[in-house]
Amino acid sequence: MLQIAVLREQTEQIIAGLRKKNYNNAAAEVAAILDLDQSRRTLQASHDEVQARANALAREIGGLMKTGNKAGAEQLKAETAELKNKAKQYSEELTALEENLQAALVKLPNTPHASVPPGRTPEENEVLLEHGDIPVLPANAQPHWELIKKYDIIDFELGNKITGAGFPVYKNKGARLQRALINFFLEEAAQAGYIEVQPPILVNEASGYGTGQLPDKEGQMYHATADNYYLVPTAEVPITNMYRDEIIPREQLPIRNAGYTPCFRREAGSWGADVRGLNRLHQFDKVEIVQIQEPEKSYEALEEMSLHIQGLLQKLELPYRVLRLCGGDMSFTSALTYDMEVYSAAQKRWLEVSSCSNFETYQANRLKLRYKGENGKTQLLHTLNGSALALPRIVAALLENNQTPDGIKLPAVLHSYCGFEMIN
RNA sequence: AGAGAGAUGGCAGAGUGGUCGAUUGCGGCGGUCUUGAAAACCGUUGACUGUUAAAGGUCCGGGGGUUCGAAUCCCUCUCUCUCUGCCA
């Protein structure tokens, strides 16, 4: 959520930012919000004035009662009746106004960083770099959804039987590969200084709200209605919410956490082309890295996270590229996002395997996640996170790019984690 | 799941209708003492809102009510703990 004070002070910059994100009607909505804010403050002042008078009277009455001056007390009581009505009326109006203001404010997305290119579609994302050679596969090369059947390592039909579409069963070396990748990613994160956490994978409403899944994207999460818990769509949600409503001592910054969770996404309305096999699932595994940083250092942290993720892809010997997302392709909450994509040689296209973002104060404002700066003032922190990494498309690329007549040759870095070198 | 108890500032823990935003201890910060540190002693130390700065207002789990006045009384919701039951 954008800060109302910033909206007041930097109105033009924010409108320009919202436009870059292709947010329609930005100027009008911002004007309406500032209008509401002005009314709110005026009303608040009136309310406070009445309240102050009522407080003073109550104190006087207390004094009179003590001295036994009942008549005097009764006289003052008469005056309070009117004040009470007024205060109640003001406070009701105020509540309504605040609700409207809040509702309008949460609808505004985060504003993009200056480096974010304009654009509406994924085609307009900026390719920052490409790394590694695109492998040349033999003519009879197969996509991963054929390979998993050939080697009987991932079974979609069995998942259909147990649960439904998008819930595959990993079997034999397929299951062991999952476990190996999770361990590899966690181990690399630990060596890079991220403290490992194992959070709950069901979260309450307040947590969903804190990271921005609620109230708008409710339909994207699985909801355990009996207890009103939500299945996490990413470890970002529980990990970031560990710091909700906290004022972090400055010397504890930056906070760096890594965690593995399964991720659950309903993906309502997003099924169509290019979602075969492992490309899109309702349940998948992911290791997430999270940083909480001082505002001045958050972009340094983003670069560092990007390099960490790239290091993983290099060790996995996968050809990848890094994109800087354009305004229109970024998430609602992000100020700057790098996407990492690996090349799938059999599908002949790039697959997104990581998304690494700086949210600046947008999440922190909702989370009330703050620290005391050098000047002693309490201020909002910056939150960042990135996938390091999401498994399914990594598995897809590993299978497709490394297929040989003898089987799938796994990259050397995974051998000790897997306990085998080939899938055959 | 049943019965009971509870929710107060970073933590512990007082406060059961009238200067209570809240006693006290610990912790934190500043100082005295010391070559330095520890100890001891002194001082200081919540958040939000508002303003050029104040004043003022709000916050004792959430919501509602009683009252001139609520941390304190009533209703309700949520959560936590203890015991019993079940169970990895």
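Chain A is the first sequence line, chain B the second, and so forth, proteins listed ahead of strands; every chain is numbered from 1. Predicted model, so just to flag it, every value in this text is computed and none were measured.
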Sugar-phosphate only, base, or nothing, as touched by Arg53(A) at under 4.0 Å among non-hydrogen atoms: nothing
Asp37(A) vs Gln51(A), nearer the 5' end of RNA chain B by closest nucleotide: Asp37(A)
Whole-Å P distance, rG56(B) and rG21(B): 12 Å
rG61(B) to rG10(B) separation - P atoms, rounded to the nearest Å: 13 Å
Contacts of Lys372(A) that satisfy side-chain hydrogen bond (donor to acceptor under 3.5 Å, both in side chains) - sequence neighbours left out: Thr378(A)
Same-atom distance (P) from rA54(B) to rA47(B), integer angstrom: 14 Å
Tyr151(A) six-ring centre to Lys173(A) NZ/CZ under 6.0 Å and within 45° of normal: no
Euclidean distance for P, rG13(B) against rU78(B) (whole angstrom): 26 Å
5' to 3' contact window, RNA chain B with chain A (heavy-atom distance under 4.0 Å): rG18(B) to rG69(B)
Sugar-phosphate only, base, or nothing, as touched by Arg250(A) at under 4.0 Å among non-hydrogen atoms: nothing
side-chain hydrogen bond (donor to acceptor under 3.5 Å, both in side chains) partners for Tyr299(A), two or more places apart: Glu360(A)
Distance between C1' atoms of rA3(B) and rG85(B) (Å, rounded): 11 Å
Test side-chain hydrogen bond (donor to acceptor under 3.5 Å, both in side chains) applied to Thr240(A) - qualifying residues, sequence neighbours left out: none
Rounded C1' spacing from rC87(B) to rC75(B) in Å: 36 Å
Non-neighbouring partners of Tyr222(A) that pass side-chain contact (heavy atoms from CB on, under 4.5 Å), sequence neighbours left out: Phe167(A), Leu231(A), Phe264(A), Arg266(A), His282(A)
Distance, C1' atom - from rU32(B) to rA38(B), rounded to whole angstrom: 15 Å
Contacts of type side-chain hydrogen bond (donor to acceptor under 3.5 Å, both in side chains), residue Thr261(A), not counting sequence neighbours: none
Salt bridge (Lys or Arg N to Asp or Glu O under 4.0 Å) involving Arg59(A) - partner list, sequence neighbours excluded: none
Watson-Crick or G-U pairs under 3.5 Å in RNA chain B, rendered as dot-bracket with [ ] for crossing pairs and | for another strand: ((((((((.[[[..)..(.....]]]((((((.......))))))((((......)))).[[[[[..)....]]]]])))))))....
Salt bridge (Lys or Arg N to Asp or Glu O under 4.0 Å) partners of residues 149-167 of chain A, not counting sequence neighbours, each pair once: Asp152(A)-Lys171(A), Asp155(A)-Lys171(A)
Nearest-nucleotide 5' precedence on RNA chain B, Ile247(A) against Arg41(A): Ile247(A)
Lys297(A) bridged to Glu294(A) by N-O distance under 4.0 Å: yes
Pairwise C1' distance, rC77(B) and rU82(B) [rounded to whole Å]: 22 Å
